[in-house]
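Note sheet for the following structure.
These numbers come from the heavy atoms of this one structure, side chains and all, not from hydrogens, waters or symmetry mates.
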Amino acid sequence: MKMRKIISFLLLSFVVYALQAQIKDPVKFKTELTPLSDTEAEVVFTAAIDKGWHVYSTDLGDGGPISATFNVDNKSGVELVGKLKPVGKEVATFDKLFEMKVRYFENTAKFVQKVKFTGGAYAIEGYLEYGACDDESCLPPTQVPFKFSGVAKAGNAAATKTEQSKAEQPEQKVVDKADKKEEATSVASKDSSAMMELVPATTTEAATDIQPAVASSELWKPVISDLQALGEEHGQEDMSWIYIFITGFLGGLLALFTPCVWPIIPMTVSFFLKRSKDKKKGIRDAWTYGASIVVIYVALGLAITLIFGASALNALSTNAIFNILFFLMLVIFAASFFGAFEIRLPSKWGNAVDSKAESTTGLLSIFLMAFTLSLVSFSCTGPIIGFLLVQVSTTGSVVAPAIGMLGFAIALALPFTLFALFPSWLKSMPKSGGWMNVIKVTLGFLELVFALKFLSVADLAYGWRLLDRETFLALWIVIFALLGFYLLGKIKFPHDDDDDKVGVTRFFMALISLAFAVYMVPGLWGAPLKAVSAFAPPMQTQDFNLYKNEVHAKFDDYDLGMEYARLNGKPVMLDFTGYGCVNCRKMEAAVWTDPKVSDLINNDYVLITLYVDNKTPLTEPVKIIENGTERTLRTVGDKWSYLQRVKFGANAQPFYVLLDNQGKPLNKSYAYNEDIPKYIEFLQTGLENYKKGKN
């Protein structure tokens, strides 16, 4: 009975695991004007991209990442020919976060704009705008300025280039505070009236009579050293390897209790102990057998990545056709677990390896026996291994499959070595029986559950709309309800015993499955269902939504919001975000909807949301000097992006910072992390520090 409880715990743990600030300058551009003939030339932008980052291509459409665009401020004696063209190897894939097809460049990027000279003197000035992201954050729309002039003579010598900007991406480093203060003052003073139009009607009326008491220059003053004094941390610890290992380990433990593996354990251990008169040698052979299992499965993990490559595995995981194939594969595995048929490797493979093991001695014989186990148990371990390898492929790490297989193999090898060390434990092993088929069938239901997740990716890619969120949830509800009824003995499969008795463990597992099905029912009407948000289609695909528990910003203007907070005696929460920032939306859906979080933001703070990709033009462009390079702020988004860089020394979103009424930080900043208790602590600490400052 204890063993069955352990099995149930492992099964549930496997499901749970499966369901689970600083300035960045990752792209450097150079620009040149390349003559093609006497009358034509190309403006060429070439980028070097840091590993892990990518620059998006042109014409991606609305609702997605920032497309690369060619923008002209002034031109004379020159005309544009066609559109900006991407050149080189593009990666085209379906992005599960943006829910759309995207194209981007990795490592290097090149964009070309063809121009035509009309004769005589020419001049052209403008900028390339592009977007860049990695797996955790995105940069705001970034501009690469250019300026060329010269004299072109139609039908004569090639155009002479008299001026060319270096146009390299300026390094995003914080310069002297006095310089920044002067720049911030220029931005705030020149365009404060234009920003008034962005305040929502409800807040505009309340803010009509607001007269700033704190100078804008003070509010824009850099506070990077203050944030560091509060314990500002840059970068996040990568826990993915631990997650992969634990997931693999749990999968290996589950594989132990299947009909293909469990009955083999006592026979194998007894064989090693009896074949040698020396007990120590028998124990050593059992250890060698376990080590051989580990070597075989780790080699499998490495082989998968070496054959396909880490980047290819990552691309496959987001490829629509691959997801359809994997959906079909999981359905076939589920049917096999239900008893429709057995999936076995060719019997001659196992027989050949087994006969070879019998004809050899020493370590090679033991290794071949371990290899035989991996072959004959494939019908039970194959679906678990396949699911694990596809899950870890999304990390893009060359060692991730090997780490997953290491965890899987250690769990699989443990009983062979432990029972060899403690042979008396063999007497307490549960006997083979119908309970093992219950585990197989339960895994079959879970295979169906995860199969729908992969079909959902393909459905979003092709726009079939077969699996809208409510359809997806309805199928999950039915599957978990059927699992519950099966565990209660109401449904039978071919290899199940006719015994109608249901043990206590099965009863509680059925209770959990049925309760989970009921938990998902409100999702049909739009409830967020945080436990399945990583698997269900996006909320935008929901046709009927009654859920309205959302947090909305009071202001989208920094200076007005700060003054409103001062008049009302409240601290400020600054939210630097973007319309195309997927992780920003995930934070709002997973964290801000928590009742405690929404109560703190709505009642104790003045929330100011600043969109760094807001394309609303300023009343007039504002020129600033940043790190010795002249830049032009043209849009509201440019202004807020500049504020984030200047004041806080960061340029990635999401980025949250708490301020007092003088613009000083109340706590270290917060980036993308869906840990709700940690976010609540972040807000409460800021509130406590604000109250201390007022006393």
Can you list the residues that meet the side chain to side chain contact (heavy atoms under 4.5 Å, CB included) rule with Val478, with sequence neighbours excluded?
Leu482
Side chains of Lys492 and Tyr486: closer than 4.5 Å at any heavy-atom pair?
no
Could you tell me if the side chain of Val102 sits less than 4.5 Å from the side chain of Pro65, heavy atoms only?
yes
Just wondering, do Met587 and Tyr656 contact through their side chains at under 4.5 Å, heavy atoms?
yes
For a 4.5 angstrom cut-off between non-hydrogen side-chain atoms, does Val521 reach Tyr519?
no
Do Asp575 and Leu610 have side chains that approach each other closer than 4.5 Å (heavy atoms only, starting at C-beta)?
no
Quick one: list whatever passes ring pair (Phe, Tyr, Trp, His ring centres under 6.0 Å) with Phe472, sequence neighbours left out.
Trp476
Locate the shortest heavy-atom distance separating Leu514 from Ala481; write the atom from each residue and the value.
CD2-O, 3.6 Å
For Gln684, side chain to side chain contact (heavy atoms under 4.5 Å, CB included) partners two or more places apart:
Lys596, Leu600, Ile680
Minimum heavy-atom separation for Leu452 to Leu467, with atom names?
O-CD1, 3.8 Å
To the nearest 0.5 Å, atom CG of Asp604 lies from atom CG of Leu658 at 11.5 Å
Qualifying residues under side chain to side chain contact (heavy atoms under 4.5 Å, CB included), relative to Asp468, sequence neighbours excluded:
Arg465, Glu470, Thr471, Thr541, Asp543
On a heavy-atom basis, which atom in Ile293 and which in Ala409 lie closest, and how many Å separate them?
O-CB, 3.8 Å
Does the Thr685 side chain pair with the main chain of Phe682, one donor and one acceptor, at a distance under 3.5 Å?
no
Those residues at least two apart in sequence (or on a different chain) that pass ring pair (Phe, Tyr, Trp, His ring centres under 6.0 Å) with Phe507 are none
Phe516 vs Phe480 aromatic rings, parallel, tilted or perpendicular, using cut-offs 30° and 60°?
perpendicular
In terms of the angle between their ring planes, are Phe245 and Phe249 parallel, tilted or perpendicular, with boundaries placed at 30° and 60°?
parallel
Could you work out, with side chain to side chain contact (heavy atoms under 4.5 Å, CB included) as the rule, every residue matching Ala291, not counting sequence neighbours?
none
Write down the atom of Leu487, the atom of Val502, and the distance for their closest heavy-atom approach.
O-CG1, 3.6 Å
What is the minimum heavy-atom distance between Ala334 and Gly444, and which atoms define it?
CB-O, 3.4 Å
Heavy-atom distance under 4.5 Å between the side chains of Ser598 and Thr593, does that happen here?
no
Taking the side chain from Arg469 and the backbone from Leu524, do they hold a donor-acceptor pair closer than 3.5 Å?
no
Test your reading of the model: is there a side-chain donor-acceptor pair from Thr442 to the backbone of Val438, 3.5 Å cut-off?
yes
Walk me through it: do Trp592 and Leu607 pass the test side-chain contact (heavy atoms from CB on, under 4.5 Å)?
CA-CA 12 Å; Trp592 285 15; Leu607 175 61; 4.0 Å; yes
Can you sort out the partners of Tyr605 under side-chain hydrogen bond (donor to acceptor under 3.5 Å, both in side chains), two or more places apart, ordered by chain and number?
none
Parallel, tilted or perpendicular: which describes the rings of Phe655 and Phe576, with under 30° parallel and over 60° perpendicular?
tilted
Starting at CZ of Phe327, measure out to NZ of Lys453 and round the result to the nearest 0.5 Å.
14.0 Å
Would you please test Ile601 and Met573 for side-chain contact (heavy atoms from CB on, under 4.5 Å) and show each step?
CA-CA 8 Å; Ile601 296 176; Met573 175 176 165; 4.0 Å; yes
I need the Leu443 CG to Ser336 OG distance, nearest 0.5 Å.
11.0 Å
Would you please name every residue forming a ring pair (Phe, Tyr, Trp, His ring centres under 6.0 Å) with Phe445, sequence neighbours left out?
Phe338
If you compare all heavy atoms of Ala590 against all heavy atoms of Glu674, which two are closest, and at what distance to 0.1 Å?
CB-OE1, 3.4 Å
Distance col, row Leu574:CG vs Ser669:OG, nearest 0.5 angstrom, shows 11.5 Å
Give a yes or no on whether the backbone of Asn602 and the side-chain of Lys554 come within a donor-acceptor separation of less than 3.5 Å.
yes
Residues forming a side-chain hydrogen bond (donor to acceptor under 3.5 Å, both in side chains) with Asp599, sequence neighbours excluded:
Asn603
Just so I know, are the side chains of Leu529 and Met520 near enough to count as touching, which here means a heavy-atom distance under 4.5 Å?
yes
Please test Leu687 against Leu683 for side-chain contact (heavy atoms from CB on, under 4.5 Å), starting from the C-alpha separation and ending with a verdict.
CA-CA 6 Å; Leu687 194 59; Leu683 295 172; over 6 Å; no
Rounded to the nearest 0.5 Å, what separation is found between the CG atom of Asp675 and the OH atom of Tyr679?
12.0 Å
What do the steps show when you test Val331 against Leu448 for side-chain contact (heavy atoms from CB on, under 4.5 Å), and what is the final call?
CA-CA 6 Å; Val331 171; Leu448 281 182; 4.3 Å; yes
Would a 4.5 Å heavy-atom cut-off, applied to side chains only, mark Thr577 and Pro654 as touching?
no
Could you grab the distance from atom CD1 of Ile332 to atom CD of Glu447, nearest 0.5 Å is fine?
11.5 Å
